[in-house]
Structures are given as C-alpha cells and as structure tokens.
Amino acid sequence: MKTDLAALLNPEQFEAATAPDGPLLVLAAAGTGKTRTLVYRVVHLLERGVPAGRILLLTFTNRAAREMLERAQSATLGLAGGLWGGTFHSVANRMLRLHARALGFPPDFAILDADDQRSLMGRVIKDLGYKPKEFPKREVVLSLLSGAVNRNVPVADWLERRAATLDETPEKLLEAMDRYQAAKRDMHAMDFDDLLVNGLRLLRENDEARERFQERFLHVLVDEYQDTNALQSEFVDVLGARHGNVSVVGDDFQCIYSWRGSEYRNIMDFPERHPGTRIVKLERNYRSKKPILDLANASIAHNPEQFPKTLRPTREEKGALPRLVEVSDGRAQAARVVELVRENLAAGYRPDQIAVLYRAHYNAVDAQLALARAGVKYAITSGTGFYEMAHVKDVVSLLRVAEGTGDGLSLARVLRLLPAVGEATADKIVRKVDGLPDPESETSREALAEALPPRARVPWSKLGEELGRYGHKAFPERVGDLVDVFLDAFYRERLRKDYENPDERENDIRELLADIAGHESAKAFLSDVALLTNLDREAAAKAAAGDAGGTVLLSTVHQAKGLEWPVVILIWLCEGVFPSARALEDRGGDDEERRLFYVAATRAKDRLYLLHPTLRTMPDGGCFRAETSRFLKEIPTTLYERESVGLDSADDWWSGGFGARGGRKAPVSRLGPAGEPSWRPGGIRVGGVRLNLPF
DNA sequence: GTTGGGAGAATTTTT
DNA sequence: TTCTCCCAAC
C-alpha cells in the first residue's frame with residue numbers, strides 16, 4: 001500500500017516530494033517542513049520502485065541523516081534498508097575505504113581529528129626550527145590551510161587574499177603547510193578536509209570509482225544545500241552527472257557556515273549548473289506563531305543579496321510577542337533563565353520543550369551553573385565531544401596499536417602514558433620500530449622495551465603480554481581484557497595523577513567499551529570513530545535516560561539548527577558576543593551573524609525570550625558595559641515587548657544570597673565566584689557531552 | 001629528557 | 001577558572 005502523500009503534505013510539499021526525475025531545487029524557509037518533504041521524497045522514490053541501494057542522501061550532521069532514514073524506514077515499512085545516507089564526510093569516507101588503494105592509501109587509513117591535526121602541525125612547526133613565538137600558532141596555520149582547501153582555491157592565492165591578516169610570509173606558511181600535508185601522507189592518514197578533497201579526487205580521477213558510484217546512485221538528495229562548499233557542490237554534481245536526478249533542499253537565509261567555506265551562492269546557481277531544474281518554494285511555516293515570524297522576517301530583511309522570501313504563518317492563533325529581557329549581567333541573566341524555565345514548566349511545558357541557545361559554548365557557563373544549583377535537569381552540547389576527550393583517545397590509540405592499524409601517532413600516544421616517558425622518548429622509539437611494532441612478536445616487544453627508561457619497563461611488559469594474546473581472543477572480549485590490563489598496569493595510576501576526576505574518566509572508558517562492543521568489529525569502530533560526534537550520542541543517551549519529560553537543552557545556535565522547541569530562551573544578545581566580534585572582522589560577517597540570529601529565532605514555536613545583559617565581565621574579573629546587540633536594536637519596537645530586570649533582581653548575588661555560594665560583597669572588579677565545588681551538578685551528560693564546570 | 005612549578009593568556013561557530 | 005608555555009631541578 002502506498003503512502004497517501006497528498007493527504008500528508010501541502011500542495012507545494014507534495015509537488016516537491018513527487019517531482020518527476022530531473023534536477024529539483026526546493027527553496028524551503030525555516031519551519032516549512034523541509035525535512036519532512038525530503039523524507040517523503042525518499043518515501044515516494046522507494047514506493048515508486050527505486051531500490052534503496054540506489055539512493056544517496058547527503059546531510060550535514062549524522063543526526064539529521066539518522067533521523068531521516070528512520071522516518072523513511074518506518075513510513076515504508078522497511079523499504080529504506082540499504083540506502084546510503086550520511087554527512088558528506090562520512091559518505092566520502094565510505095567511498096574512500098572501498099577505493100583507497102587507487103589513491104595510494106591503505107583501506108584502513110587513519111582519520112586525524114582536530115586534536116591530532118594540532119599536534120601534527122605543532123610538530124611540523126617545531127621541526128622547521130621555529131620557536132613558538134616566532135611563528136603563527138598552529139591553529140592559525142591549520143585554519144588558513146583549511147580555508148583554502150574548502151574553497152577549492154590554491155593555498156598561495158588564499159594567503160594572498162588574506163595577506164593583511166598574516167603575521168608571517170606566505171612562503172614560510174606554505175612551507176609549513178606542505179610539510180604538514182606530506183606528514184599526513186607518510187602516516188597514511190587523512191584529516192577531515194582530506195576526506196572531501198580525496199573523495200572528490202577519487203571521483204574525478206579514478207574511472208572505475210566514478211563509473212561505479214555514478215551508475216549506482218539513481219537519485220542524489222541533499223539537505224541543507226545552502227551550507228555546501230565548493231568541494232561538496234562539485235561532489236554532488238559529479239555523482240549526479242550520469243542520471244541527472246539531483247534533488248537539493250535549502251534556505252539561503254540559513255547559511256551559517258561560510259566561515260568554513262560554505263557558499264550560499266551554490267544554491268542560487270544551482271539552476272544554471274543543472275539546466276531544466278524544477279524549482280519549488282516552501283513558504284508556509286508550520287512551526288512558529290506569527291509574532292515570532294514577524295520578528296525573524298524583520299531581522300533578516302536587513303540582509304542584502306538573498307532570494308526574496310517571506311515566511312507565512314499557518315499558526316494563526318494569537319501568540320505572545322517575543323519578550324526582550326534586559327538584565328544587569330551574566331549572573332543576573334542566569335538567574336532569570338532559571339526563573340523563565342520555571343515559569344514555563346509551571347505553564348505546562350515539559351523540560352524538553354525548552355531550550356536555551358547562545359552564540360558560543362562559553363556563553364553557557366553561568367546558566368549551567370544556575371540551573372544546576374536550582375536542581376533543574378538539563379543537558380548541554382559541549383565543545384569537546386566524547387571521542388575527543390584525552391582519556392578516550394588514549395584508549396582508542398591503544399586499540400589502534402592492538403589492531404595493527406596504528407600509525408606512529410597512536411603508538412607514540414600510548415607510549416607517552418608510561419611513567420617517565422615523554423615526547424622525546426616516545427618519538428625515539430617510534431622511529432626505531434618504524435611506527436609499527438608487531439604486537440604478536442615477543443622479540444619486537446622486547447626490542448621496544450630496551451629503549452624504555454627502567455621505570456617504564458615493567459608496566460610495558462604487562463601490557464605487551466596482553467597485546468601478544470590480543471589477536472587470539474574473540475571480539476569484543478579481547479578489547480575489554482586489553483583495556484583492563486592497560487588500566488591495571490599503569491593507566492589508572494596515570495589518571496589519578498593527572499586528573500581530579502579519575503573515576504569519572506574510568507567510567508567514560510567503560511562507556512567507550514560498551515560503544516565499541518556495539519560495533520561489528522574493532523576495525524569497523526576505528527574506521528569511523530573520528531567521524532562520530534557528540535550529537536550522535538545524544539539520542540542514544542536520551543533514550544537510555546528514559547526520562548518522560550526529558551531535560552532542558554543548552555545548545556549553541558549552530559548545533560540547534562534543524563531543531564525546534566515551543567520555548568526558546570536566547571541569551572547573550574550583546575554586541576561582540578552575538579554578533580561575535582571575531583566574526584564581524586570577516587567580510588560578510590555581519591550578514592552571516594544575522595542569519596544565525598534568524599536561525600535562532602525561528603527555532604521557537606510559541607515563546608521566544610531575548611535576553612541581554614548590560615554588563616560583561618571579563619576573565620580577569622573586570623567588567624564593562626555591553627551594547628545591546630544590533631539584531632535587537634534594528635527591529636521595530638512594536639515587534640516585541642520589553643521587560644526590564646534591573647540590578648534589583650540581581651541583588652541576591654550582590655549581597656551573597658545567590659545560592660549556597662557564600663557571598664562576598666564584591667567590588668565590580670571581582671565578580672568571579674570564589675567558592676569551592678562542594679556540590680554536584682544537577683545536569684546530565686548527553687552522550688559525550690561533559691559538564692565542564694569552570695570551578 | 002622528564003617533570004613540576006609558576007607565570008601569563010584566554011573564549012566562535014563544526015565535520 | 002583552565003590551558004599553555006617556559007624554566008629550573010631531578
């Protein structure tokens with residue numbers, strides 16, 4: 001029985017979902033059922049008889065891919081099995097694993113995450129003989145390189161364009177970048193950008209691979225197309241060239257990734273690059289009440305150069321005006337957030353119907369603290385993901401060594417965990433064993449042990465013996481055994497010495513083991529561990545928690561994209577924070593920040609709160625006046641109501657009554673709390689998301 | 001070469 | 001507050 005799409009979709013959505021073969025561009029404003037339409041297009045294709053294996057669905061987050069696949073799967077009673085869906089990075093990864101040799105890589109090439117990239121670049125710069133202060137920071141060099149790569153521009157040209165911002169000659173920068181690229185190649189490793197670059201190169205240069213995938217994918221569908229960069233749009237074009245069935249969905253208003261090379265012009269140029277494109281516009285908003293849309297529309301109207309588009313509300317019930325809340329400073333803001341959360345809970349909303357959104361992770365600190373103290377359950381999407389945490393990466397490196405897929409980096413990482421072994425010793429050994437010891441060979445292990453300082457030999461031999469047995473045990477037990485020995489031999493002690501929360505970290509490792517056991521094999525886990533993000537673990541953790549009402553979510557606006565909540569509390573609407581001062585330095589930065597504000601506002605269904613502190617405190621304890629965000633000032637005052645919470649409501653912290661902190665009548669120059677963390681946070685961790693309490 | 005203490009800086013967004 | 005870097009002592 002076929003799904004009755006006409007009954008489920010409005011006429012425009014229906015047109016998009018059931019459009020005949022050929023290129024299709026769906027311009028979908030926020031909350032107009034974009035994802036729904038794309039899901040039902042997949043459903044339509046499947047029910048029309050297109051085999052799932054011949055459909056490719058590209059998204060920007062794994063979460064989006066998973067959600068869409070699940071929905072398609074249930075709508076078609078399982079027809080969607082075998083459909084390829086995922087981020088550009090993960091799909092490229094999948095293709096590269098199948099054809100790695102064609103590009104001179106082994107199929108089990110490693111993927112460097114941001115942290116690996118940093119250390120590799122740091123090493124390159126050091127090897128070139130620069131002292132840390134003589135050369136731009138490794139992050140700067142990496143981001144320049146990435147900027148060029150993602151725009152598909154020669155690095156030299158890109159450096160020339162950025163000449164004004166450079167502290168070093170292009171020649172020296174290029175030298176460091178070349179060395180970095182060569183080092184990756186020597187290690188048979190790719191970084192995130194390489195997945196895109198090499199994925200595209202594979203399709204362009206390797207006839208077999210190109211034929212295979214072009215033929216295979218009868219339909220290519222792309223979500224959030226406005227966020228594609230030069231590499232990604234070409235990737236789509238090449239894949240779709242054979243059958244010409246490329247369906248893309250996007251909203252130029254919501255392009256918020258141009259800092260990493262996204263080109264919203266891709267979406268405007270799509271019809272030119274794909275002659276015969278059918279264009280469908282979705283403008284009926286099903287999400288937000290009218291006052292929220294009015295505010296969002298008024299804000300985005302300040303941006304030049306967009307496809308003209310107006311969100312039309314379908315929810316005609318009279319909603320409350322968005323409320324602008326002025327507070328004295330970050331702590332008062334946090335207190336107000338708690339009150340607003342409580343008010344809305346009292347009004348009948350569940351915790352998971354409320355979100356607190358902000359520009360940057362660190363903006364969440366105050367609110368987090370206040371919610372924790374108030375006993376409100378919340379979850380937070382933090383900056384460092386589970387798989388990026390040092391102790392998790394230590395274990396992953398160990399696994400790489402055991403599986404024999406390790407490179408010098410992972411061996412060095414494991415060795416450095418031994419007592420009395422530092423960078424130099426580890427490097428010496430890695431060079432000696434040429435990056436890859438044979439864990440099964442006793443002589444190889446002994447040779448390695450000889451190079452170790454005496455203190456490290458006993459712990460190493462314990463681990464070495466287990467490594468020797470590793471290959472003879474079954475998965476996943478062998479992983480558990482290995483990690484147990486690793487912990488007992490020396491790692492537990494290391495955790496105790498280096499960190500304040502060794503037990504929590506050991507728990508993370510147990511969690512990691514459970515995760516690994518959920519995979520088909522250790523190798524399968526290793527091949528995509530770098531691509532797993534904290535968002536992926538979110539749903540799993542939520543399901544595991546099994547909370548009926550869920551939790552209030554704290555999130556950056558970027559990570560909130562594509563999601564919606566009845567109640568949205570947007571904080572830190574100050575000049576320099578939102579819009580971010582750094583972002584404003586870039587060309588078009590103002591526009592992009594405004595799009596980000598638009599995304600934030602359109603997450604709200606019923607109620608939108610816009611908070612802005614009038615004071616900002618600095619890390620050193622000083623403070624200064626914070627200008628109201630331009631995004632608030634440029635909106636007609638009739639579009640929101642104003643509530644002022646002056647210093648009086650912040651009096652409690654002033655007099656020390658703020659929670660159990662034990663107040664101090666602090667002068668303005670020292671607002672930082674001075675108490676010790678004697679309480680436990682009331683929040684939960686979501687997936688890899690850790691509560692990093694600042695004190 | 002390693003380790004630990006102390007000084008100084010610091011906060012954009014993500015695959 | 002934490003992170004990073006630098007320097008002196010083992």
Side-chain angles (χ1 to χ4, degrees), chain A residues 58-65 86-93 111-114 117-118 122 131-133 137-139 143 146 150 190-196 199 224 227-229 231-232 255-262 357-365 369 381 383-385 387-388 390 416 418-428 453 455-456 497-500 528 530-536 555-561 572 576-586 589 592-593 595-596 599-600 616-621 672-677 692-695:
Chain A
L58 291 160
T59 59
F60 272 78
T61 63
N62 290 313
R63 184 192 58 208
T87 61
F88 281 90
H89 290 83
S90 68
V91 167
N93 180 38
I111 299 174
L112 305 182
D113 69 14
Q117 290 183 275
R118 273 163 40 84
K131 297 254 156 57
K133 277 191 183 150
K137 284 207 186 118
R138 43 203 170 162
E139 289 86 355
S143 91
S146 181
N150 280 294
M190 299 191 198
D191 59 24
F192 284 125
D193 293 341
D194 289 330
L195 291 175
L196 295 182
E224 308 277 17
D227 282 325
T228 54
N229 64 28
L231 298 173
Q232 291 163 327
C255 173
I256 55 175
Y257 284 101
S258 52
W259 49 274
R260 75 172 197 208
S262 303
L357 304 183
Y358 37 84
R359 177 65 178 82
H361 289 295
Y362 75 92
N363 294 337
V365 172
L369 200 65
T381 58
T384 21
Y387 298 103
E388 290 164 343
R416 287 185 58 175
L418 290 159
V421 176
E423 197 184 342
T425 314
D427 285 355
K428 196 178 77 196
R455 271 169 67 204
K497 214 172 76 186
D498 286 358
Y499 306 110
E500 282 176 7
D528 57 18
L531 295 173
L532 301 174
T533 63
N534 45 15
L535 287 177
D536 300 322
S555 171
T556 62
V557 180
H558 281 91
Q559 291 193 323
K561 189 173 187 188
W572 280 115
V577 182
F578 197 168
S580 132
R582 295 270 300 267
L584 291 176
E585 289 168 15
D586 295 338
E592 173 134 328
E593 294 288 293
R595 290 193 294 269
L596 194 58
V599 168
R616 262 172 87 187
T617 51
M618 298 315 279
D620 64 0
E676 63 290 336
N692 274 323
L693 289 160
F695 320 112

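Throughout, a chain's letter reflects where its sequence line sits, starting with A, and its residues are numbered from 1. The structure displayed is predicted, hence computed values, not measured ones.
- Here B:dT2 is the nucleotide among B:dT11, B:dT15, B:dT2 with the atom lying nearest to any side-chain atom of A:Thr425.
- We find the OG1-OH distance between A:Thr556 and A:Tyr358 to be 6.5 Å, quoted to the nearest 0.5 Å.
- Residue A:Thr556 places its side chain closer to B:dT13 than to any other of B:dT15, B:dT13, B:dG4.
- Here B:dT14 presents its C1' atom at 9 Å from CZ of A:Phe192, a figure rounded to the nearest Å.
- Annotation: side chain to side chain donor-acceptor pair (under 3.5 Å) contacts of A:Gln117 (sequence neighbours excluded): A:Tyr180, A:Asp191.
- With rounding to whole Å, A:Tyr358 atom OH is found 12 Å from B:dT13 atom C1'.
- Across the interface with DNA chain B, nearest-nucleotide mapping of A:Ala420 and A:His558 shows A:Ala420 to be the residue nearer the 5′ end.
- When the P atom of B:dT14 is taken as reference, atom CG of A:Leu196 falls 17 Å away, rounded to whole Å.
- Rounded to whole Å, the distance from CG on A:Leu531 to P on B:dT14 is 16 Å.
- Between A:Arg595 atom CZ and B:dT13 atom C1' the separation is 13 Å, expressed in whole Å.
- Closest contact between the side chain of A:Ala360 and the listed nucleotides B:dG4, B:dT13, B:dG1 involves B:dT13.
- Side-chain contact between A:Trp572 and A:Arg359 is absent, with no heavy-atom pair separated by less than 4.5 Å.
- Per the geometry, CH2 belonging to A:Trp259 stands 8 Å off P belonging to B:dT15, to the nearest Å.
- Checking the phosphate oxygens (OP1, OP2) of B:dT14, a side-chain nitrogen or oxygen of A:Gln559 falls inside 4.0 Å.
- Put simply, CG on A:Leu357 and NZ on A:Lys561 are 14.0 Å apart, with the number rounded to the nearest 0.5 Å.
- In this entry the distance linking CZ of A:Arg455 with P of C:dC10 reads 15 Å, nearest Å.
- A distance of 4.0 Å separates CZ of A:Phe578 from CG of A:Leu596, quoted to the nearest 0.5 Å.
- Residues satisfying the salt bridge (Lys or Arg N to Asp or Glu O under 4.0 Å) criterion with A:Asp113, sequence neighbours excluded, are A:Lys393.
- Among the atoms of the strands shown, only primed sugar atoms or phosphate atoms (P, OP1, OP2) are found under 4.0 Å from some heavy atom of A:Tyr257.
- Comparing A:Leu596 and A:Lys137 along DNA chain B, the residue whose closest nucleotide (by nearest heavy atom) sits nearer the 5' end is A:Lys137.
- As rounded to whole Å, 5 Å separates atom P of B:dT13 from atom NE2 of A:His361.
- C:dC6 sits 23 Å from B:dT11 when the C1' atoms are compared, rounded to a whole Å.
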Can you pull every protein N or O that's under 3.5 Å from an N or O on nucleotides 4-7 of chain C?
unit_1	atom_1	unit_2	atom_2	d
C:dT4	OP1	A:Arg118	NH2	3.4

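- A distance of 4.0 Å separates CD1 of A:Ile111 from CG of A:Leu531, quoted to the nearest 0.5 Å.
- Among the protein residues, A:Val557 comes within range of no part of the nucleic acid, since none of its heavy atoms lies under 4.0 Å from any strand.
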